[in-house]
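The structure under discussion appears below in the form of structure tokens.
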Amino acid sequence: MIRLLPQVLSAAELQAVRELVPQVAFADGRMTNQASGVKRNLQASQEDPVNARIAQLARDALARHPDLRSYAMPRTVARTTVVRYEPGMTYGWHVDEALFPSTPPMRSDLSCTIFLNDPADYDGGELVIQLGAQELAYKLNAGDAILYPSTTIHQVAPVTRGVRVAAITWLHSWIADANRRELLVQLDEARAIAARGAAPGDPRLQVLLESLKTNLFRMWADT
């Protein structure tokens with residue numbers, strides 16, 4: 001389940017973030033993964049007060065975004081970290097940590113990237129996610145975000161021009177199983193279509209109901 005979240009940050013919030021980013025004290029991104037041989041970027045320290053202000057803006061924006069609540073059903077959201085990629089920097093193929101050393105430890109079910117500058121500001125720097133044999137590349141507008149399973153293999157492609165700035169975080173969902181979470185997302189969509197007074201033969205409603213019936217049968221079937 002990969003979901004695009006448009007306009008997570010409002011224009012005013014994005015402007016505030018842009019004014020704060022030059023004040024961030026960036027350091028080697030390997031501070032949080034010293035054993036990594038593929039991580040070559042810069043990131044803010046969690047103790048940086050400027051990063052904390054950006055993190056709060058991002059957290060508040062994510063919390064009010066209806067799609068995030070529907071798709072992720074978040075139980076806990078990790079503190080946001082600002083990351084920076086200059087020419088030649090990349091974060092090669094990897095999978096995010098399963099548990100973050102918070103108190104108590106937090107399981108990462110979903111990863112989230114909020115893009116903080118315009119895609120025209122840099123070349124390369126796409127978030128690339130492996131889906132089976134496919135590689136899906138994303139380079140979103142400033143203020144938009146992408147939500148994807150933390151179990152996926154992914155990378156940030158090398159930046160070849162300009163600077164890429166983003167905020168990253170992770171979510172622990174109330175529903176750990178991604179298939180069950182997707183069923184609830186489909187149920188929410190079906191309810192919304194019905195509430196709008198859709199005609200009985202509405203094609204989207206019909207395919208959602210068929211999907212729910214088939215996948216619940218598959219889940220519950222006694223084999």
Side-chain angles (χ1 to χ4, degrees), residues 1-17 55-78 80 106-116 118-119 126-132 134-152 154 166-223:
M1 180 184 71
I2 299 172
R3 302 286 185 176
L4 304 185
L5 307 177
Q7 298 177 325
V8 168
L9 294 173
S10 68
E13 288 168 332
L14 189 56
Q15 181 59 35
V17 168
Q56 191 61 55
L57 283 167
R59 185 184 184 91
D60 291 346
L62 285 168
R64 70 167 184 265
H65 200 286
D67 290 348
L68 182 107
R69 293 195 299 272
S70 175
Y71 298 151
M73 300 161 210
R75 179 174 181 173
T76 309
V77 181
T80 303
M106 191 198 93
R107 185 186 67 234
S108 61
D109 295 319
L110 293 156
S111 302
C112 181
T113 297
I114 307 174
F115 290 76
L116 297 181
D118 294 323
E126 297 86 356
L127 173 65
V128 187
I129 301 172
Q130 285 187 2
L131 188 62
Q134 293 181 296
E135 294 182 2
L136 307 178
Y138 298 91
K139 190 174 180 178
L140 305 184
N141 292 326
D144 292 353
I146 182 170
L147 192 67
Y148 56 99
S150 299
T151 54
T152 56
H154 58 282
I168 56 173
T169 190
W170 295 266
L171 299 92
H172 176 189
S173 176
W174 283 105
I175 310 298
D177 186 280
N179 293 323
R180 294 178 181 178
R181 198 161 58 239
E182 183 68 16
L183 290 174
L184 288 173
V185 170
Q186 291 183 351
L187 183 59
D188 271 352
E189 184 182 348
R191 289 175 60 197
I193 292 172
R196 292 196 298 267
D202 181 279
R204 180 58 181 172
L205 181 57
Q206 292 302 310
V207 75
L208 285 169
L209 293 174
E210 184 62 30
S211 173
L212 286 163
K213 177 180 180 295
T214 300
N215 287 318
L216 284 171
F217 180 80
R218 179 179 290 112
M219 184 183 296
W220 292 337
D222 182 4
T223 57

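As the structure is a computational prediction, the values presented were derived from the model and not from experiment.
- The line from OG1 of Thr80 to CH2 of Trp170 is 9.0 Å long, rounded to the nearest 0.5 Å.
- Within the structure, the salt bridge (charged side-chain N to carboxylate O under 4.0 Å, His left out) test picks out the following pairs touching residues 176-199 (sequence neighbours left out): Arg3-Glu182, Asp188-Arg191, Glu189-Arg204.
- Residues Arg69 and Pro66 form a side-chain contact, since some pair of their non-hydrogen atoms from C-beta on lies under 4.5 Å apart.
- Counting heavy atoms from C-beta outward, Phe115 and Asp144 have side chains that stay 4.5 Å or more apart.
- Rounding to the nearest 0.5 Å places CD1 of Ile114 at 7.5 Å from OG1 of Thr169.
- Between atom CG of residue Leu171 and atom CE of residue Met106 there is a gap of 6.5 Å, rounded to the nearest 0.5 Å.
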- Could you go step by step and tell me if Leu131 and Thr152 meet the side chain to side chain contact (heavy atoms under 4.5 Å, CB included) rule? CA-CA 8 Å; Leu131 188 62; Thr152 56; 5.8 Å; no
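- Using a 4.5 Å heavy-atom cutoff, the side chains of Ser150 and Asp109 are not in contact.
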- Message: Go through it in stages, so that I can follow the logic: the residues are Leu110 and Tyr71, the test is side chain to side chain contact (heavy atoms under 4.5 Å, CB included), and I'd like the CA-CA distance, side-chain angles, deciding distance and then a yes or no.
- Response: CA-CA 10 Å; Leu110 293 156; Tyr71 298 151; over 6 Å; no
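- Here the OH-CG distance, from Tyr148 to Leu127, works out to 5.0 Å after rounding to the nearest 0.5 Å.
- Pairs of residues two or more places apart, or lying in two chains, that qualify as side-chain hydrogen bond (donor to acceptor under 3.5 Å, both in side chains) and include a residue from residues 7-17 are Ser10-Glu13, Glu13-Arg64, Gln15-Glu19.
- Distance CG/Asn179 to CG/Leu216: 11.0 Å, rounded to 0.5 Å.
- Across Arg107 and Ser173, no two heavy atoms sit closer than the pair NH2-O, 3.8 Å.
- We find the CG-CG distance between Asn141 and Asp118 to be 7.0 Å, quoted to the nearest 0.5 Å.
- Counting only heavy atoms from C-beta outward, the side chains of Pro149 and Ile129 never approach each other to under 4.5 Å.
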